[in-house]
2 protein chains.
Amino acid sequence: MMSIGHVTPQTMHFDEPLPLRSGATLAGYDLVYETYGTLSADKRNAVLVCHALNASHHVAGNYAGQERSEGWWDNLVGPGKPLDTNTFFVIGVNNLGSCFGSTGPMSPNPATGQPWGADFPVVTVEDWVDAQARLLDRLGIARLAAILGGSLGGMQALSWTLRHPERVCDCIAVATAPNLSAQNIAFNEVARRAIITDPDFHGGHFYAHGVIPKRGLRVARMIGHITYLSDDSMEEKFGRELRAAELGYSTQDIEFQIESYLRHQGDKFSEYFDANTYLLITRALDYFDPALAFGGDLSRAFEVAKHIRFGLVSFTTDWRFSPARSRELVKALVDNRIEVSYAEIAAPHGHDAFLLDDPRYHGVLKAWFSRIAADLRQGASPRGGSDV
Amino acid sequence: MMSIGHVTPQTMHFDEPLPLRSGATLAGYDLVYETYGTLSADKRNAVLVCHALNASHHVAGNYAGQERSEGWWDNLVGPGKPLDTNTFFVIGVNNLGSCFGSTGPMSPNPATGQPWGADFPVVTVEDWVDAQARLLDRLGIARLAAILGGSLGGMQALSWTLRHPERVCDCIAVATAPNLSAQNIAFNEVARRAIITDPDFHGGHFYAHGVIPKRGLRVARMIGHITYLSDDSMEEKFGRELRAAELGYSTQDIEFQIESYLRHQGDKFSEYFDANTYLLITRALDYFDPALAFGGDLSRAFEVAKHIRFGLVSFTTDWRFSPARSRELVKALVDNRIEVSYAEIAAPHGHDAFLLDDPRYHGVLKAWFSRIAADLRQGASPRGGSDV
């Protein structure tokens with residue numbers, strides 16, 4: 001397996017206004033994206049990868065002159081890797097509202113010339129998917145060989161099959177859920193309150209004050225990290241290990257290694273992540289609930305996706321999006337006699353497992369993508385549908 | 001079952017310096033306590049109840065002229081209740097470092113005349129137990145019929161059996177653990193960071209600035225509440241229920257009922273709880289680890305408690321102190337051939353269950369206390385030990 005090597009992000013500008021689920025409209029916007037591999041002449045080998053909370057378009061490869069700049073799913077995407085760029089044309093796209101290049105709260109608000117800040121319209125998973133669809137239009141891709149995502153990215157993958165089912169052959173959704181539980185929303189809300197009540201937040205217009213609500217961002221990230229790791233893996237990795245040989249008996253200094261780890265993660269995050277983006281993305285998670293329009297009936301929501309083939313993966317120790325949540329999805333698909341493969345991977349790493357290269361997990365994804373590649377080679381329109 | 005009725009807290013002053021585990025010494029201190037029932041002539045019917053994080057000496061009964069002032073374990077303690085005050089003399093005592101009357105960060109530091117604030121010495125579960133033992137000395141109680149506590153109070157009950165085993169006949173410890181896991185410490189640390197990084201904390205000397213770090217306290221309490229409830233009970237109680245009929249599409253306003261609940265809990269808490277006390281009490285939780293002095297061997301730690309009878313209770317949905325943690329305690333006791341009854345109660349309410357009056361749970365406690373009462377009636381020194 002080889003690395004993709006150096007990659008370069010690109011920017012696509014859209015003038016056509018994007019109507020958002022909230023009722024607001026985004027007049028124009030940029031999407032930043034990267035591609036890996038080669039789009040085939042018939043343009044049927046494209047795989048779109050959707051990112052999760054703090055990631056971006058930079059899925060794989062690295063940036064020239066930047067050490068340790070590998071993409072967040074570099075272990076999965078590349079020549080000979082489970083999502084093989086010798087076969088597939090892979091697209092990573094940064095979502096609207098992000099702080100990594102696509103139009104978001106740090107971008108200038110056309111009405112004022114100042115950063116949007118907290119005035120950036122609330123975006124949803126559905127809005128992201130609609131914006132991504134326009135990017136595919138521009139790239140001349142009518143239908144995706146596959147849509148792929150993990151966690152919040154998995155929600156986008158699912159949403160693709162509901163909003164643009166005719167444009168998806170296969171959907172692979174990892175460590176995701178049909179909606180957030182009350183507990184999931186609760187953790188998001190605490191993180192948001194930590195940011196919003198940070199005096200440096202200034203109602204979301206902190207850019208003008210030359211400050212960053214780092215205190216809130218740190219707390220938000222620390223809470224996030226607790227939910228990404230399993231209880232067991234945290235115990236194995238840190239347990240009650242002390243930082244020093246002796247206890248210092250202090251409420252403010254670090255005593256335990258787990259404290260040091262969390263503070264470090266919080267500090268790092270507060271240096272690079274935008275507070276308004278964090279609010280927007282956690283809200284997009286909260287709002288995602290495709291069954292809502294069907295009176296809570298998830299099976300009815302998936303009726304439109306009957307021709308799509310699904311691959312779902314969950315991890316046994318993931319308590320953020322537990323296997324039970326993936327099984328809800330499997331049931332809704334099976335209720336519709338939709339073809340679905342489901343892999344429940346025994347992995348100790350909790351939610352984070354979707355980013356790691358557990359051989360069973362990657363083996364499953366490799367098998368699924370090999371099957372999709374075989375469909376492509378057969379020349380028949382994948383999944384038996386008619387060309388669009 | 002009747003209520004105890006009106007109760008009145010009392011204050012006991014101690015001039016004798018208390019050496020603390022940290023190496024510091026508390027020169028003198030007050031303990032606030034309440035008692036219910038009547039101490040028998042032989043003074044052998046005393047039960048000490050230890051409190052958890054945000055509770056106090058006010059275990060049962062209510063205060064004259066104050067509506068809804070029932071003690072935190074009023075459903076358990078009273079005439080005809082599982083811990084029957086017709087039989088037992090029950091003592092509730094507020095711990096050192098608290099903000100409810102016993103000497104703590106809000107008390108004047110004798111060296112300065114100003115509130116101790118962050119300079120109040122770090123106290124541990126062991127320090128609390130030693131201070132409680134002196135209160136018993138003053139009350140003329142040589143040996144407790146039982147020591148009782150839940151959660152952090154359970155840790156104190158366990159610590160009593162290790163530090164003063166000759167003074168305990170029965171130990172009843174509910175929803176507790178032999179130490180905190182890495183995840184438990186992690187949640188404490190995030191809560192502490194939220195408080196300490198609140199600009200109104202002023203390094204713990206906020207009293208002098210006329211402010212209170214309410215933002216941090218709110219976040220800390222919200223995190224706490226998530227861990228007190230089970231995922232399932234939160235789902236059942238709140239689910240994805242919206243506050244209004246329509247979504248508002250806002251990152252800052254309340255959309256879901258769970259958000260409203262958490263904010264309300266956070267607001268309430270920030271009005272009455274002291275920030276320095278919160279830091280001290282979470283640290284006491286972190287430090288508790290009786291096996292540490294025995295190279296991590298919990299069984300060896302309990303060797304000194306061979307003559308004590310234990311009753312342990314855990315709740316199936318408690319993910320803060322899960323049944324597995326109580327089973328670790330059972331194993332350590334059984335390794336020592338110590339008499340132990342263990343009840344794992346199927347209850348949906350998570351950690352909070354120890355405060356609720358689930359009939360199976362209260363039935364178990366009633367049975368245990370009836371047995372202790374029978375031992376007292378037999379006149380023999382309870383548990384066959386010699387009088388001290």
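Note that the structure is a prediction, hence the values are computed from the model and not measured. In what follows, chains are A, B, ... by sequence order, proteins preceding strands, each numbered from 1.
- Taking B:Ile226, B:Val219, B:Ile196 one by one and counting their heavy-atom pairs under 4.5 Å with chain A, the maximum is reached by B:Ile226.
- The pair A:Lys331-A:Glu328 fails the salt-bridge criterion, with no side-chain N (NZ, NE, NH1 or NH2) lying under 4.0 Å from an Asp/Glu carboxylate O.
- Taken to the nearest 0.5 Å, the CG atom of A:Asn54 stands 13.0 Å off from the CG atom of A:Asp274.
- Only the side chain of A:Arg263 comes within contact range of chain B, judged by heavy atoms closer than 4.5 Å.
- Aromatic ring orientation, A:His351 versus A:Phe321: perpendicular (interplanar angle above 60°, classes split at 30° and 60°).
- With respect to chain A, the highest number of heavy-atom pairs below 4.5 Å among B:Asp231, B:Ile258, B:Leu247 belongs to B:Asp231.
- Heavy-atom pairs under 4.5 Å with chain B peak, among A:Leu180, A:Leu280, A:Asp200, at A:Leu180.
- Side-chain contact, B:Thr251 with A:Arg283: no donor N or O sits under 3.5 Å from an acceptor N or O.
- For A:Tyr207 against A:Gly117, the heavy-atom pair with the smallest separation is CE1-CA, 3.4 Å.
- Heavy atoms of A:Tyr261 lying under 4.5 Å from chain B are absent altogether.
- Contact annotation for B:Ala118: only side-chain heavy atoms (C-beta onward) come within less than 4.5 Å of a heavy atom of chain A.
- Using a 4.5 Å cut-off between heavy atoms, A:Glu255 contacts chain B through both its backbone and its side chain.
- Between atom CG of residue B:Asp130 and atom CG of residue B:Leu18 there is a gap of 6.5 Å, rounded to the nearest 0.5 Å.
- Residue contact with chain B, scored on non-hydrogen atoms closer than 4.5 Å, involves the side chain of A:Phe201 exclusively.
- At a 4.5 Å heavy-atom cutoff, A:Thr282 makes no contact with chain B through either its backbone or its side chain.
- Between chain A and the residues B:Trp319, B:Tyr287, B:Phe187, the largest count of heavy-atom pairs under 4.5 Å involves B:Tyr287.
- Of the listed residues (A:Pro199, A:Gly239, A:Pro121), the one with the most heavy-atom contacts under 4.5 Å to chain B is A:Pro199.
- Relative to the ring axis of A:Phe269, A:Arg221 places its NZ or CZ within 45° and under 6.0 Å from the centre.
- Taking the six-membered ring where tryptophan is involved, the planes of B:Phe273 and B:Tyr278 are perpendicular, since the angle between them exceeds 60° and thus also 30°.
- Ranked by heavy-atom pairs shorter than 4.5 Å toward chain A, the options B:Glu189, B:Arg240, B:Gln252 are led by B:Arg240.
- For a residue to count as touching a neighbouring chain, one of its non-hydrogen atoms must lie under 4.5 Å from one of that chain's; by this rule A:Leu262 touches chain B with the side chain only.
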Hey, mind stepping through B:Leu53 and B:Tyr228 against side-chain contact (heavy atoms from CB on, under 4.5 Å) and telling me if it holds? CA-CA 12 Å; B:Leu53 205 149; B:Tyr228 304 150; 4.1 Å; yes
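- When each of B:Asn276, B:Ile185, B:Asn184 is checked for heavy-atom pairs under 4.5 Å with chain A, B:Ile185 comes out on top.
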